[in-house]
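To start, the structure under review is shown below, and the notes come after it.
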Amino acid sequence: MPELPEVEVVRAGLERHVVGARVVAVDVLHERPVRRDPRGPQGFALALAGRRITGARRRGKYLWLPLDDGDALLCHLGMSGQMLVQPADAEPEKHLRVRLRLEGAAQGRHLHFVDQRMFGGLLVSTGGAVLPPEIAHIGRDPLDPLFDLDDVVARVRRRGSGIKRQLLDQTLVSGVGNIYADEALWRARIHGERPGDRLTRAQVVELLGHARDVMTDALAQGGTSFDALYVNVNGESGYFDRSLHAYGREGEPCDRCGRAVRRVAFMNRSSYFCPGCQPVPRATRRRS
DNA sequence: GTATGTACCTGTTTGC
DNA sequence: TGCAAACAGGTACATA
């Protein structure tokens, strides 16, 4: 389940393996992953053909490959997306959706966009080499040198929404997904349903620091992986899941206090927290 | 602008 | 054994 660390691993892999390559031809094998490109599948393929890849950049969970004409190939991995650099004669993956045939720096190789659940996608962003306009609304992530901590803290403390929902709001702070939100909240000993406007400045600063740290730690280990869906650009799985304290640990003892980790429904998914270290706020206590 | 809920998508697991 | 429901969850969009 790609979050910021996994996307960064993919970005770094693409930077190493495909920058400088020219796209010779594009095969769109399924239309859904290019649904956000207004040109349609054929227009998408035509817009990419002949272009040279000049870089590999990222903001939050989005990554893009700037092209030599000032446009960019914008990519989101969604739930199950992969970008794989493969030999030209490689057997196509079961869920191969888009194939870019490359020459030049990646002579004889293909870039495969593989995505089982197809929440991810690709599009050619007009004039998007520096920052695709399609993701101009996405906030900077905590690993970005220009991340404005004071501004984010102030905005969090102005809203009454639960702090976990805010952590997952990519316009506020990007890159944090369900897994790392639960881990950062566990580290900060804050329950995800605590309203942002009821937290102190120091608490929000500490929480965002933990969000940054948990993603930095994951990045150092090559990203998190829970199943075969996530592999990096060379097909190698990450293994950060061994270091998780909250996510996916329902019923297991908290590593800090020993209380059983609980799971609750949250936004059509799950939240994991320690009822000892992360007390449920009073206003929502009756619901749990 | 804020707050909240839901559709999208497929493979696997769980329950009857 | 077989089928249905639940589950995983990031993003865009709708609604109030």
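Letters go in sequence order (proteins before strands), and every chain restarts at 1.
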Nearest-Å distance, CG (A/Leu74) to P (C/dT11)?
11 Å

Do the side chains of A/Arg212 and A/Asp144 get close enough for a salt bridge, i.e. N-O under 4.0 angstrom?
no

So A/Arg165, base contact, sugar-phosphate only, or nothing? Heavy-atom distance under 4.0 Å.
base

Find the bend of the helix from B/dT2-C/dA16 to B/dC16-C/dG2 as the angle between its two terminal axes (five pairs each), to the nearest 10°.
60°

Is A/Tyr62 close enough to C/dA12 that one of its side-chain N or O atoms is under 4.0 Å from OP1 or OP2 there?
yes

What is the distance, rounded to the nearest whole Å, between atom CE of A/Met79 and atom P of C/dT11?
11 Å

Taking A/Gln86 as the fixed residue, which of A/Arg109, A/Arg99, A/Glu93 is the one that meets the side-chain hydrogen bond (donor to acceptor under 3.5 Å, both in side chains) rule?
A/Glu93

Charged tip of A/Arg249 within 45° of A/Trp186 ring normal and under 6.0 Å
no

Which part of the nucleic acid, if any, lies within contact of A/Arg269, taking any heavy atom under 4.0 Å across all strands shown: a base, the sugar-phosphate backbone alone, or nothing?
base

Are OP1 or OP2 of B/dT2 and a side-chain N or O of A/Ser161 less than 4.0 angstrom apart?
no

Cut-off 3.5 Å, side chains only: do A/Thr126 and A/Arg39 have a donor facing an acceptor?
yes

How many whole angstroms separate atom NZ of A/Lys61 from atom P of C/dT11?
4 Å

Shared hydrophobic cluster for A/Leu167 and A/Val152 (ILVMFWY, side-chain gaps under 4.5 Å):
yes

Touch check for A/Gly160, heavy atoms < 4.0 angstrom, all strands: base, sugar-phosphate only, or nothing?
sugar-phosphate

Say you draw a straight line from CG of A/Asp141 to OG of A/Ser174; how long is it, rounded to the nearest 0.5 Å?
4.5 Å

Between C1' of B/dT6 and CZ of A/Phe266, the distance in whole Å:
14 Å

Protein proximity profile, nucleotides 8-14 of chain B - base contact B, sugar-phosphate-only contact S, no contact -, cut-off 4.0 Å on heavy atoms
BBBS---

Which nucleotide in the list C/dA12, B/dT2, C/dA8 gets nearest to the side chain of A/Tyr272?
C/dA8

Figure out the CG/P separation between A/Asp182 and C/dG10, and round it to whole Å.
10 Å

Are any of the side-chain heavy atoms of A/Tyr62 and A/Cys75 separated by less than 4.5 Å?
no

State the CZ-CZ distance between A/Arg51 and A/Arg22, to the nearest 0.5 angstrom.
7.5 Å

Measure the distance from CZ on A/Arg155 to C1' on B/dA3 and round it to the nearest whole Å.
15 Å

Quick one: A/Ile135 CD1 to C/dT11 C1', roughly how many Å, whole number?
13 Å

Picking from C/dG10, C/dA12, C/dC7, the nucleotide nearest the side-chain atoms of A/Arg263 would be C/dC7

Where do A/Ser80 and A/Asp115 land on the side-chain hydrogen bond (donor to acceptor under 3.5 Å, both in side chains) test, with the steps shown first?
CA-CA 5 Å; A/Ser80 52; A/Asp115 191 3; 2.5 Å; yes

Around A/Gln42, counting heavy atoms of other residues, nucleotides and ligands shown, do more than 12 lie under 6.0 Å from its CD?
no

In whole Å, what is the span from the CD1 atom of A/Ile138 to the C1' atom of C/dA12?
10 Å

